[in-house]
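Quick notes on the structure that follows.
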Number of protein chains: 2
Amino acid sequence: MTERTPSRRTTATAPPAFPKPGHNHARCAAEALGKAEAVCAARGTRLTEIRRQVLETVWQSHVPVGAYEILAQLNAGGGDRPPSQNSRALTARGGPPSQNSRALTARGGRHAPMAVYRALEFLMDNGLIHRLASLNAYIGCAHLGEDPHAAQFLICRRCGTTAELKSAALNRALDQAVTERGFTIDSQLVEIGGICPNCRPNHRRPKS
Amino acid sequence: MTERTPSRRTTATAPPAFPKPGHNHARCAAEALGKAEAVCAARGTRLTEIRRQVLETVWQSHVPVGAYEILAQLNAGGGDRPPSQNSRALTARGGPPSQNSRALTARGGRHAPMAVYRALEFLMDNGLIHRLASLNAYIGCAHLGEDPHAAQFLICRRCGTTAELKSAALNRALDQAVTERGFTIDSQLVEIGGICPNCRPNHRRPKS
DNA sequence: TTGTAAATGTTATAACATAACATTATACCA
DNA sequence: TGGTATAATGTTATGTTATAACATTTACAA
């Protein structure tokens, strides 16, 4: 929200790069998790096991992931962490596993959708992830630790990779266009679909 | 007077006003319907009865309307009657209440959800309405007859009124910010939430 | 230790959207 | 005029995303 004039020239030719296919993503994820812990510590909120698992799942890649996919991975034991030992709270009822097609409960698995949605809500409230309305999916925040920000997203329709933009110039243009009409901004949603540089081989990149 | 009234100030490029509470909305709707007919005639597509009904429902106001609300209005006799009813459970026609809570068929009513979604798809394909991803709702296109456009929306969180922006300056800023990153735009989604001028007499928005 | 707030579990359902196939309407032409 | 191809709509079923409501467990500190 705070627009600061850069004391140093923002390099017009070297904006933050779009995530590249071969980049060291383990490092992305590890950094994100580390920063997330710091953010939570600073805010006095608790990055519990399930929240951390969901965050890790979101950070598996730069492709947004849906809530029910997160749920499936959690219940499949996904991620590199051991599953919760809280299995005693599972179906100890002794009944046969009902194969209800709408079985939302964790009869055979572990978690119900609520668990995921609660974790997602927590992560969003703490600025650790964003929701992409055009995809009904979630992605890790690329600007952890910065002020709560209104972000823009570039979504590649080919590989799914999504980059967070956070362009001050764009925010200025937006603010001006909107204020002209007497409107006061609370929230913004900017999601741009298209082809990312990695998926467009003919694209000439100034530096690589 | 404490508030300056800029209504007299006519800038050279005066932006289109935000829809005002007391405006002659019947005229908005009538014009939209007329233009829609012209658009369909020009394109050789057919604005059938149900499509027209859905379009009329969408144009009831400048507040986006959900698909199931459209459905409910259609099945309640359409037109200008208020819905005031849950869209679910439309089955019973004098018969015993069905046990199936997911009764989506139009046994007692007229239409099933598919009918509405098909009409909405047609209307979107023909540029007559837009979908608002942040609301899962639909609104009439304010720029009928113009080229297929990527629009921006201002959504008042207080009254729900939504205005279509279509700012060239904003599109330029967007294009520049995106192209800098080597991205090629296919589609854009810009939905700005906030307080519209009609809802902001002395409003001071809290930080959230 | 124990009270309490936070977190999670559990069940159910709301809300939004589409797949798949059947039937009806429309247009166009021989 | 009637046949027939296509468009439109009807119908049934289900997929997908998200939340309400209440029960139980856990963490933490007084």
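Side chains included, hydrogens not; waters and symmetry mates left out as well; all remaining heavy atoms used. Throughout, a chain's letter reflects where its sequence line sits, starting with A, and its residues are numbered from 1.
The distance between atom OH of A:Tyr117 and atom P of C:dG9, rounded to the nearest whole Å, is 16 Å. Atom CD1 of A:Ile70 is separated from atom P of D:dT17 by 11 Å (rounded to the nearest Å). The separation between B:Leu71 atom CG and C:dA17 atom C1' is 12 Å, rounded to whole Å. The distance from atom CG of A:Leu47 to atom C1' of C:dA6 is 15 Å, rounded to the nearest whole Å. One atom, CG of A:Asp125, and another, C1' of C:dA6, lie 14 Å apart when rounded to the nearest Å. Whole-Å rounding puts the A:Gln53 CD to C:dT8 P distance at 10 Å. Following rounding to the nearest Å, B:Glu121 (CD) and D:dA8 (P) show an atom-to-atom distance of 11 Å. The nearest whole Å value for the distance from the CG atom in B:Leu120 to the P atom in C:dA17 is 9 Å.
Test B:Thr161, B:Leu135, B:Ile139 against B:Ile155 for side-chain contact (heavy atoms from CB on, under 4.5 Å) and you get one pass: B:Leu135.
Looking only at distances, a side-chain donor or acceptor of B:Gln152 sits under 3.5 Å from a matching main-chain atom of B:Lys166. The main-chain N or O of A:Leu74 is never found under 3.5 Å from a side-chain atom of A:Gln53 such that the two would form a donor-acceptor pair.
In terms of phosphate contacts, B:Asn136 brings a side-chain nitrogen or oxygen within less than 4.0 Å of OP1 or OP2 of C:dA17. The side chain of A:Thr48 places no N or O atom within less than 4.0 Å of a non-bridging phosphate oxygen (OP1 or OP2) of C:dA6. Proximity of B:Tyr138 to the phosphate of C:dA17: a side-chain N or O atom is located under 4.0 Å from OP1 or OP2. Phosphate contact (OP1/OP2 of C:dA7, side-chain N/O of A:Arg51, threshold under 4.0 Å): present. Proximity of A:His111 to the phosphate of C:dT8: no side-chain N or O atom is located under 4.0 Å from OP1 or OP2.
Interface remark: the B:Tyr68 side chain does form a donor-acceptor pair with the C:dA17 base, using a distance-only criterion of under 3.5 Å. Put simply, the side chain of A:Arg110 and the base of C:dG9 share no donor and acceptor less than 3.5 Å apart.
Here the side chain of A:Arg46 is nearest to one of D:dG10, D:dA27, D:dA8, namely D:dA27. Comparing C:dA17, C:dA19, D:dA21 by their closest approach to the side chain of A:Met114 singles out D:dA21. Of the candidates C:dA17, D:dA21, D:dT11, the closest approach to any side-chain atom of A:Arg118 belongs to D:dA21.
Between B:Leu135 and A:Ile50, it is A:Ile50 whose nearest contact on DNA chain C lies nearer the 5' terminus.
Taken from CD in B:Glu56 to CZ in B:Arg51, the straight-line distance is 15.0 Å, to the nearest 0.5 Å.
A side-chain N or O of A:Ser134 and one of A:Glu191 form a donor-acceptor pair less than 3.5 Å apart.
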